[in-house]
Amino acid sequence: MTDRIFSLIDQEKQRQTEMVGLIPSENNTSPEVSRVLSSCLSNKYSEGYAGRRYYEGNEIIDEIESLAVERVKSLFGVAYANVQPYSGSPANLAIYFALMDPGDTILGLKLAHGGHLTHGHPKVTASGTFYTSVQYGVDESARIDFDEVRSLARKHKPKVIVAGNTAYPFELDFKTFRDIADEVGAWLVADISHVTGLVIGGQHSSPVPHADVIMSTTHKTFRGPRGAMILVTERGVKKDSKLPQKIDSAIIPGLQGGPHNATTAAIAIAAEEATKPEYKQYTKRIRANATALAESLLSAGIQLVGGGTQTHLMVLDFSSIRPELGSQIAIALNAAGIYANKNTVPTEQGSPFYPSGVRIGTPLVTTRGMGVVQMHQIADWIARVVEWVATGSTLPEEKQQRASFLNDYRAHTAADTTLQAVRQEVKEVATQFPLFSWEEIG
Ligand SMILES: *Cc1c(COP(=O)(O)O)cnc(C)c1O
């Protein structure tokens, strides 16, 4: 008998194939990465590091992990790499655990302005609870306000400054972050989870000359398995030669047990793929597609936070139509065959659950081989869905009615013929592009 899980996986594959995925943190891995992920490597326990494990039988795992570490180090040109973090969030916590004592101050970008929860978001997160959190934001042009970063740094003397983003569409100026960190004697941690691929492909400035420690997830633009890596730069090692050991011990015994060896091997595969000329070409096309998509959306009258993008992502701002409209638009887009995520905008009057924006990006559609022609098409579909939502029913004021409204709205959008017509068009285009395609990209 076949387990129901397998038919659900088939359904998910069909969903991914027939829809257009615009969530900027998602990507499709190569068949080789997928194959390694489902290998026998996940059967093995390997607590510790190559040559010093707590379990027997790790001769081959040692070789695999060493290969992954060497490839990542040479890809970025850094002194040290740890590829064991289970994902980006524990990786950041490990870095803080290595660099700070409880109660020390962390300075990071506000969530609503494009930062990540793990950058010290107050109250509800570990980084905002165990450490004293201070948060900087963006200015009226939606660019990082370095005057604010500098004055907060001088005032609060943070131990760690985080330069990183999840919904900030502009390039990060690592050099200026470095100058501020030096002025107040802080560690500079660059969290490049979103833009790693662009950094490797030369499409975004590199934090390597400026940061002490770099964290990246491996499943976003990097296009590897779900996981993360922590790098220490030459500069970081010069500042503290014990930094690599501190990171190693923060991962295990600090935070984690056994590494996910199949993931480690898949990171090695993805790191090798990232050295290919086709990968560089891929990252160029991510940018070209993002620029084309942004231009088409702007000419369709849709507002973008900061007026555009310098990366792979952009945030659509619907606050001038109605605050909190983002939650409805994300649902309607999904019914129309396009999946994205609702997102706060810097001037947010709503909340993270009822925000005014939608975040989109091009890494996944570019992996499938879509180009500028498809970006114009996607912008047109989005504009039609926005028009449909903007002229329709409104989220109720009353808090208790809101959750049921969004559920009803989901059913309402799924049954609507206008959205179904868009969905059909999306499906016709999407199915022409396989989930992963070196040929199309190269
Ligand atoms: C995605 C992301 C993380 C967290 O990664 P998870 O794998 O989801 O835990 C951390 N920081 C940034 C900047 C991210 O984009």
Side-chain angles (χ1 to χ4, degrees), residues 21-27 29 33 37 82-99 106-121 124-128 131 133 135-138 144 160-174 177 188-200 204-207 211 213-231 247 250-251 255-256 259-260 263-264 266-267 270 286 309-315 340-341 343-344 352 359-364:
L22 294 180
I23 295 173
S25 44
E26 292 185 4
N27 212 329
T29 54
V33 167
L37 272 179
N82 188 313
V83 293
Q84 292 195 8
Y86 296 149
S87 215
S89 308
N92 275 343
L93 201 54
I95 293 170
Y96 306 152
F97 191 56
L99 299 180
I106 176 174
L107 177 60
L109 177 61
K110 276 177 205 155
L111 185 65
H113 291 199
H116 192 264
L117 283 167
T118 56
H119 297 175
H121 185 64
V124 292
T125 69
S127 63
Y131 305 103
S133 162
Q135 304 252 279
Y136 59 89
V138 299
I144 286 173
V160 165
I161 296 177
V162 185
N165 53 355
T166 70
Y168 178 74
F170 304 107
E171 225 179 306
L172 289 169
D173 177 0
F174 297 115
F177 276 113
L188 180 60
V189 175
D191 180 352
I192 57 168
S193 293
H194 261 267
V195 293
T196 328
L198 301 182
V199 168
I200 294 166
H204 187 292
S205 64
S206 171
V213 181
I214 299 169
M215 197 289 281
S216 176
T217 53
T218 48
H219 47 278
K220 296 176 185 172
T221 49
F222 186 62
R223 212 167 56 188
R226 298 201 85 80
M229 49 196 171
I230 299 173
L231 318 175
I247 298 285
I251 289 289
L255 223 68
Q256 297 190 172
H260 296 174
T263 300
T264 302
I267 290 174
I286 290 178
T309 175
Q310 295 174 333
T311 64
H312 60 301
L313 71 81
M314 64 209 80
V315 181
N341 63 276
N343 211 95
T344 49
R359 184 185 69 150
I360 61 172
T362 54
L364 198 160

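Start at 1 and go down the list; that is how both ligands and their atoms are numbered.
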Please write down residue, atom name and distance for the protein heavy atom closest to atom 7 (O) of ligand 1. Ser87 OG, 2.4 Å
Mark up the atoms of ligand 1 that fall under 4.0 Å of a heavy atom belonging to His219, in ascending order. 7 (O)
Euclidean distance, Ile247 CD1 relative to Gln84 CD, rounded to 0.5 Å: 12.5 Å
Begin with the C-alpha distance, continue with both residues' side-chain angles, and end with the deciding distance and a verdict on ring-ring contact (aromatic ring centres under 6.0 Å, His included) for Tyr86 and His260. CA-CA 7 Å; Tyr86 296 149; His260 296 174; 4.4 Å; yes
Provide the number and element of each atom of ligand 1 under 4.0 Å from a heavy atom of His194. 15 (O)
List the closest protein heavy-atom neighbour of atom 3 (C) of ligand 1: residue, atom name, distance to the nearest 0.1 Å. His116 NE2, 3.3 Å
So which heavy atom in the protein is nearest atom 13 (C) of ligand 1, and how far is it from that ligand atom? Asp191 OD2, 3.1 Å
Closest heavy-atom pair, Glu171 versus Thr311, reported as atoms and distance to 0.1 Å, is N-CG2, 4.3 Å
Taking distance alone, with no angle check, do Gly88 and ligand 1 share an N/O pair under 3.5 Å? yes
Report the residues that fulfil ring-ring contact (aromatic ring centres under 6.0 Å, His included) with His116, sequence neighbours left out, ordered by chain and then residue number. His119
With backbone taken as N, CA, C and O and side chain as the heavy atoms from C-beta onward, which portion of Lys220 lies under 4.0 Å from ligand 1: side chain, backbone, both, or neither? side chain
Heavy-atom contacts under 4.0 Å between Ser193 and ligand 1: side chain, backbone, both, or neither? side chain
Give me the nearest non-hydrogen protein atom to atom 9 (O) of ligand 1 as residue plus atom name, then the distance to 0.1 Å. Ser89 OG, 2.6 Å
side-chain hydrogen bond (donor to acceptor under 3.5 Å, both in side chains) for Asn27 and Arg223? Distances and angles first, verdict last. CA-CA 6 Å; Asn27 212 329; Arg223 212 167 56 188; 4.9 Å; no
Within the side chain of Asp191, is there an N or O that forms a donor-acceptor pair under 3.5 Å with the backbone of Ser193? yes
Any Arg226 heavy atom less than 4.0 Å to ligand 1: no
For Thr217, take its heavy atoms, then give the atoms of ligand 1 lying under 4.0 Å from any of them. 5 (O), 7 (O)
Counting N and O atoms only, with roles assigned by atom type, does the side chain of Thr362 sit under 3.5 Å from a partner on the main chain of Ile286, one being a donor and the other an acceptor? yes
Sequence-distant partners of Phe177, ring-ring contact (aromatic ring centres under 6.0 Å, His included), two or more places apart: Tyr136, Phe146
